[in-house]
Each structure stands twice: as C-alpha cells, then as structure tokens.
Participant: 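For reference, the structure I am asking about is given below.
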Number of protein chains: 2
Amino acid sequence: MPATIRDIKDQTGLSLATISKYLNGGNVLPENKVKIERAINDLDYQVNEMARGLVTNMSRTVGVSVHDIGSLFCGILLRYIGDVLKNNGYSMIICDSRDDAKREEENIEFFIKKNVDGIIVIPSSQSKDFLKSAKKNNIPVVLLDRSITGSGCDCVRIDNRAAASLAAALLIDNGHKANAIIYSSVEYTGIERYKGFLETMSDAGMPIPEEFQMAGTHSIEHGYRSMNELLSKKNRPTAVFTTNYELTLGAVMAVNESKYSCPDDISIIGFDNLILSHVVQPKMTMVVQPMKEMGEKAAQLILFKIKSKDKDSPMEYVLNTSIEVGNSVLNLA
Amino acid sequence: MPATIRDIKDQTGLSLATISKYLNGGNVLPENKVKIERAINDLDYQVNEMARGLVTNMSRTVGVSVHDIGSLFCGILLRYIGDVLKNNGYSMIICDSRDDAKREEENIEFFIKKNVDGIIVIPSSQSKDFLKSAKKNNIPVVLLDRSITGSGCDCVRIDNRAAASLAAALLIDNGHKANAIIYSSVEYTGIERYKGFLETMSDAGMPIPEEFQMAGTHSIEHGYRSMNELLSKKNRPTAVFTTNYELTLGAVMAVNESKYSCPDDISIIGFDNLILSHVVQPKMTMVVQPMKEMGEKAAQLILFKIKSKDKDSPMEYVLNTSIEVGNSVLNLA
DNA sequence: ATCATAGAGCGAAACGTTTCGCTCTATCCT
DNA sequence: AGGATAGAGCGAAACGTTTCGCTCTATGAT
C-alpha cells in the first residue's frame, strides 16, 4: 500500500540506484533532483526503515536502559537524550532495570535482539555482566551518571569527589564543625562522594567521626533512618550532607516528622536539584548536576561511536557541578 | 557475522521453510525440533527482526508519546507499559511531547516513519491533529489517562467525575462547608473533575461560589498563585481540592510559604499520589489513580488492537479511583 | 486392496532497500 | 584534436526472513 522506491522509479524514469543515492545524500543532476522530490511528494513516499536496515545492518535505534524509570532524575535525562537522538533520526527504545542487575542484563539482551545500533546505560549497580553480550555483538555502550570501575567503557558523568568537596566547603564556610554524611556505600558514585567529602573535611582539620558516617543503600529508607539516628544522638551534628536525591528525600522526611526543624536545629545540604527543592520548606541548598549537558553529551557520544565504528580508547566526559543555595544551611559563622 | 537461518539449514539439513515454521510456532516432527533447537544453541542464532519485519510488515515496536517524560506520573505509567510490552516481545520507543500539541503531532509522524505497529498516547492537549496521520497509515492508537472528546479512539482512563465526587464527599463528611477548587480548565480531564466536584457539592446543598473556583492551566504556578489568592481572601475557604499533581504541588508550596498551616488553617485534598505524599508535611490526603492497572491495560489493549487488526468500535476502559487518607484534611464535624 | 485425508516438508518468490562495478557523457588539459 | 578524468546513471545481486502452493508419506476408512 505505501509507496516504494519503485513507484518513484516509475514516475521519474530513473533507476533505483540513482534514487537511492539521492535519498542517502548523494549527488544527482538538478533536474533529476526536482523530479525525485516531486515524486516523493506526490506519492507521499517514506523510506521503509526495515528494508534499509536489512541491507545496511543498522536499525537507527538506540537502546536506553535506566536504573529506575520512575525516578525524576532518569526522566529528565531521558528528555535530553531523546531530543538529540530524534533530531538525528534515531529512535530510543527504553527499558527499566528497577535497580536490579539481572534485569539490567536482560535489558541488554533484549536490545541486542532488537538490533539496536548502540546502547546507553544508566547503571543500576557495579555489576558489569551486561557488558559481555554487548561486547560480543560489537555494539557500543555509553555509561551515563554512574561509571563502573574497570569497565573500560565510554562514560559521561560528573566529578563526584569535586562535587562533594563543594558541599564540604560550603559547610565549612558557614562555620559548621560537627558534620555528618549520609551516603550510599553500594555504588561507586556514592563512595566517591563520600571520599571527597571526608577528604575535604579532614584537610580543613575537621575529620568526620565514625558515628557521623552513615553508610547504606541508595534509598529513601536509608536517608530516613539515618537522619533519625543522627537526630537521636546526644551530640547531634549541626549539618548533614545527603549524597543523592533519594537520601535527601528521606532525610527531609525524617526532619519534618521530628520535633526538630531545618535549618534551625539541623542544616542539610542535598544532592540533585529536582522538583523537591521548590516544594519542601525551607528551600533546600543542593549540589546540582548539569542534567541537560549530561543527557545531550551521552546521546552525542553514542551517535559518534555508532558512526565511527571505532575501537578508540574509551572516552570519559567529566562535567562540572555547582551549588544552588537555598535556606537549608544555617550560617554559624 | 551472526548466524542466519541458512546456517541452521546447513547444520540440520532441513529447509528454510521448515525452520521458519518452527520459529513461528508451527508443528515439526519431534526429531527435527531437537535438531533445530540444538543448531540454534550451537550457533547462537537470533532472528533478524529487520528481515522478518520486511516480510511481515510488522516491527514489533510500539510508539509511546508522553505529555511530559519528566513527570513522575508518566514515568510510573511507562514502567508498567514497558513491562507488558517487553514480556510480549515488543519494544517501546518513547517520545516526549512536553505538553505541546505540535510536538505531539511530530512524534506520531516520527513513529510512523519508524514503522511502529501501534501507538499509545498520553495526550498533552485536546488537539486531535495527531490522529490523522495514524488513521491514514492505519495504525491503531490507544489514549491513556486523558481522553479526547470526539476522537473515536480506544482509551484507558479513570472516571474523573466520580473521582472528584469522592473528594467532595470526603470534605462533606469532615464537615467542611466553605470549599474551593483549583483546577485545570484547559483539559478535558480537569473540566470533568471540576464538574464532578461542583455537582456533588451542589447536590449536598453547598454550591461552590464563583470566587472559590480557580480555573487555569495545568501547572505548579497556577496551583501556587491560586492558593495564595484563596488564602488572602477575607473569608478563606476551610478546604481546597486540587485536581492534579502539579496543582497540588503548587498549592502545598504556597501554604508552606505562608503564615498559615495545613490542616489547621486550611485543609487540602490532592490528586495523584506520587512520592510527594511521603515527603511533605503533613501527609497528604489524596485521590489516587490505579497506575499499574492503567499502564498494563493500555499496553494490553494496544497489543490486542495490533493483533486483531480490527475495525471494532473503539473500546474504553474506565478504571476506579480511591482515596488515600492522610492528615491534610481537618475534621470539623 | 484401494482411496481419501491429514500432516509435514520443501522450493521459490517476494518484501524494499543499498551497493558494487560498470558505462556513458561532458569537461578540461595539452 | 585527442586523451584523460570526473561525475552521474544504471543493472543486478544481495540482505535474511516468511509464505504460497505443491509433493510426499503414513494413517485410517471403506
């Protein structure tokens, strides 16, 4: 039913090869160009991507596996990724891994079955099992947000240590001397932020005591429980750094439900400025990541990898973070 | 490089037709079945979906256009849609329309260019322009969450009037007599909720005065400004019904920043129970939609439409809502 | 014993592109 | 004027499946 290149051949009298050449950006005589364009218009022709894919072995599709499609963080990244891909004629097929390494691996298998040209992963864990099948099928992979140690993969992320240092510096500037950190110890990202924070504090002569280092999972629960624990101590910290969105959420919940208030009784500096900062009271002070840049860079990078088919040494883009100042940190200085 | 059906033919000595039949669930002799399965394993064979698609004219792909991929609401729906599709061997390609009718139309065009078998739309507006190209190409469309009047389209949604009635009934039960509504007057959904709320209140002998009917866009801003306006009135309402997630967010922000507090000075009943209800103080009372059921139903429906290739009269699934009770509504009774 | 029938297998055509290697024409240089 | 060259066009093969319509065998009924 839909028009094919053959219909265009019939209307223009040109050969399939010439028309195909035109469609793929090759040079044809101006008069022929006019003819072809008219025919395309008349017939409402659209390239059959499956036929094209069969020959070229390219689907013009990128698979994106996100650690949690229900998270705002991923949603925002997906927006920017999608924009770049679409503008380049690529579609994105999305799978949710729900923070589960096994599911993540299945997603990659699924992508391969669907003949994607490239894969972007917002990893759910440090597991690199999923890389195997991608490597085997020679499909380029770009990691976004969280890198995986020793993966040898292309990656777009922030400098997590530096970001945590920013947070530490801000607390120091505001005169806080009893500081705590609630972090995720199950991820590279979280551990880096932890290291950056501790190092900067130590360098400033204010090492963080063990009991103020709250390790745990990447979850609202961990944030919630840890904050409760901190608040119940005899010597409460004056400030807490929560190293990701979920932890920040949980910590804020805990404070809101307690008899204490922020920032008068406890200061909080969070991570990832999403909608949260507009709705909770007081307005949060947060370390923010350049979401737009991250998403766009990841998309551009995977497109480049697809086109260049290269074996170049993996690239790593490390983007800068900044602090958005709200009212959740009290000035003690 | 990857194995083809021809390699299986070589290893088993069977014909292409027989192997294809097996792959598509047809009957073959038990001994041949064993042979084929062994070959598939040995060769690590995977069907080339593009070749298959070229013949069958099916891509086993569904396009999903969401009104805002950055919204939690869409993220959650996408999770459930994705699960069902993937379990059925279908991939979903996602486009964001950012609440823009033009972009929505472009998304559909894009889907068609990509040869999707079916389309799910979480519409961004009442515009039905985008339906044209889908109809022309004979691709089934399922509307999710928001129906479009006169579209004649399959649809999965809640009964918005009934949902609003629930909210009204709860306020009435709690003895509220001065009630306001902040709603989106630019959407069918919002208008239905408005009607349901007003009707139930009228029936109870408590019609909502004009000045307590806050019409506007579907946005945090509208919720924020309207709540501020309501709070500044001499005769404040005792309760406010906010008819969607963004409006609820905005309204809560306004109250938090004001000298008033919820629920002591003003009660709020919101819509769409997302993470918000856990983090804001007090815990919100909300009308909740059955997200899982909605997503899954929409996916099942589009799969059915694709398979049955039918011209049946459009189906409409209307799901039930419920109320999740928190502490944001004061009992005056 | 003969015939009809059901089930399984097969060969070949078809799906709609791209691409390889060739021919042809027109241009430009010497 | 003759030869080299660049540019455009073309025919045909190839990509990896599915499917149509046929043949063949084995079974069961008469």
Side-chain angles (χ1 to χ4, degrees), chain A residues 1-37 39-40 43-61 89 112-117 137-138 306-307 309, chain B residues 1-37 39-40 43-61 89 112-117 137-138 306-307 309:
Chain A
M1 197 62 185
T4 76
I5 206 176
R6 218 157 237 121
D7 297 321
I8 300 195
K9 169 192 155 114
D10 292 344
Q11 171 164 339
T12 60
L14 295 166
S15 76
L16 296 181
T18 304
I19 298 162
S20 174
K21 191 200 259 181
Y22 166 84
L23 289 174
N24 292 284
N27 277 330
V28 297
L29 290 181
E31 50 182 299
N32 289 335
K33 187 169 162 180
V34 170
K35 276 192 206 167
I36 295 175
E37 281 166 355
I40 287 179
L43 301 167
D44 203 17
Y45 170 78
Q46 293 205 137
V47 174
N48 180 323
E49 294 274 354
M50 290 186 294
R52 170 182 279 172
L54 178 57
V55 179
T56 61
N57 210 24
M58 303 249 94
S59 63
R60 300 220 202 190
T61 293
I112 290 168
K113 211 170 81 183
K114 288 293 182 178
N115 299 291
V116 300
D117 299 340
N137 292 69
N138 206 25
I306 290 170
K307 271 159 200 159
K309 287 245 163 231
Chain B
M1 195 65 185
T4 76
I5 205 177
R6 219 158 236 120
D7 297 321
I8 301 196
K9 169 191 155 114
D10 291 345
Q11 170 164 341
T12 60
L14 295 167
S15 77
L16 297 181
T18 304
I19 298 162
S20 174
K21 191 200 256 182
Y22 166 84
L23 289 174
N24 291 285
N27 277 329
V28 297
L29 290 181
E31 49 183 300
N32 290 335
K33 189 169 161 179
V34 170
K35 277 191 206 167
I36 296 175
E37 281 166 355
I40 287 179
L43 301 167
D44 202 17
Y45 170 79
Q46 292 206 135
V47 174
N48 180 321
E49 294 273 355
M50 290 186 293
R52 170 183 277 172
L54 178 57
V55 179
T56 62
N57 210 24
M58 303 249 93
S59 63
R60 299 219 203 191
T61 293
I112 290 169
K113 210 168 82 184
K114 288 293 181 179
N115 299 291
V116 301
D117 298 340
N137 291 70
N138 206 24
I306 290 169
K307 269 157 200 158
K309 287 243 163 233

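For clarity, every value in this text was computed on a predicted model and none was experimentally measured. Within every chain, numbering begins at 1; the chains are lettered A, B, ... in the order of the sequence lines, protein sequences first and strands thereafter.
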Participant: Just jot down the side-chain hydrogen bond (donor to acceptor under 3.5 Å, both in side chains) partners of Asp117(A), sequence neighbours excluded, or say none.
Facilitator: Ser59(A)
Participant: Indicate, with a heavy-atom threshold strictly under 4.0 Å, whether Ser20(B) touches base, sugar-phosphate, or nothing.
Facilitator: base
Participant: Are side-chain heavy atoms of Arg6(B) and Leu16(B) found at a separation under 4.5 Å?
Facilitator: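 A side-chain contact exists here, since the closest heavy-atom pair is under 4.5 Å.
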Participant: At a heavy-atom distance below 4.0 Å, which nucleotide of DNA chain D is the first touched by chain B, and which is the last?
Facilitator: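 The protein-touched segment is dG16(D) to dT19(D).
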Participant: Give me the bend of the helix from dA1(C)-dT30(D) to dT30(C)-dA1(D), using the axes of the five pairs at each end, rounded to 10°.
Facilitator: 30°
Participant: Between Val47(B) and Lys9(A), which has a closest nucleotide on DNA chain D that is more 5'?
Facilitator: Lys9(A)
Participant: What residues, two or more places apart in sequence or in another chain, satisfy side-chain hydrogen bond (donor to acceptor under 3.5 Å, both in side chains) together with Asn48(B)?
Facilitator: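 Here no residue qualifies.
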Participant: Leu54(B) near the nucleic acid: base, sugar-phosphate alone, or nothing, with a heavy-atom cut-off under 4.0 Å?
Facilitator: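 Leu54(B): base contact, heavy atoms under 4.0 Å.
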Participant: Pick base, sugar-phosphate or nothing for Tyr22(B), based on heavy-atom distances below 4.0 Å to the nucleic acid.
Facilitator: nothing
Participant: Can you find a heavy atom in the side chain of Ile8(A) that is under 4.5 Å from one in the side chain of Tyr45(A)?
Facilitator: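 Of all side-chain heavy-atom pairs linking Tyr45(A) with Ile8(A), at least one is under 4.5 Å.
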Participant: Which residue lies toward the 5' end of DNA chain C, Thr18(B) or Gln46(A), if each is placed at its nearest nucleotide?
Facilitator: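 Its nearest nucleotide lies further toward 5', so the answer is Thr18(B).
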Participant: So which atom in Ala3(A) and which in Leu43(A) form the shortest heavy-atom distance, rounded to 0.1 Å?
Facilitator: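 Residues Ala3(A) and Leu43(A), closest heavy atoms: CB-O, 3.6 Å.
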Participant: Can any side-chain N or O of Lys113(A) pair as donor or acceptor with the backbone N or O of Val47(B) at less than 3.5 Å?
Facilitator: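 Absent.
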Participant: With side chains defined as the heavy atoms from C-beta onward, is the minimum distance between Ile40(A) and Leu23(A) less than 4.5 Å?
Facilitator: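 Yes, their side chains come closer than 4.5 Å.
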Participant: Can you find a pair of side-chain heavy atoms, one from Leu14(A) and one from Lys9(A), that are under 4.5 Å apart?
Facilitator: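 Leu14(A) vs Lys9(A): side chains apart.
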Participant: Can you check whether Glu49(A) reaches Met50(B) side chain to side chain, under 4.5 Å on heavy atoms?
Facilitator: no
Participant: Taking the side chain as every heavy atom from C-beta outward, state whether Arg52(A) and Asn24(A) have any pair of such atoms under 4.5 Å apart.
Facilitator: yes
Participant: Would you jot down, in residue-number order, the residues of residues 30-37 of chain B having a non-hydrogen atom under 4.0 Å from DNA chain D?
Facilitator: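 The answer is none.
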Participant: Identify whether any heavy atom of Asn57(B) sits under 4.0 Å from a base atom; if not, whether one sits that close to sugar-phosphate; answer base, sugar-phosphate or nothing.
Facilitator: nothing
Participant: Checking Gln46(A) now: which residues fulfil side-chain hydrogen bond (donor to acceptor under 3.5 Å, both in side chains) with it, not counting sequence neighbours?
Facilitator: none
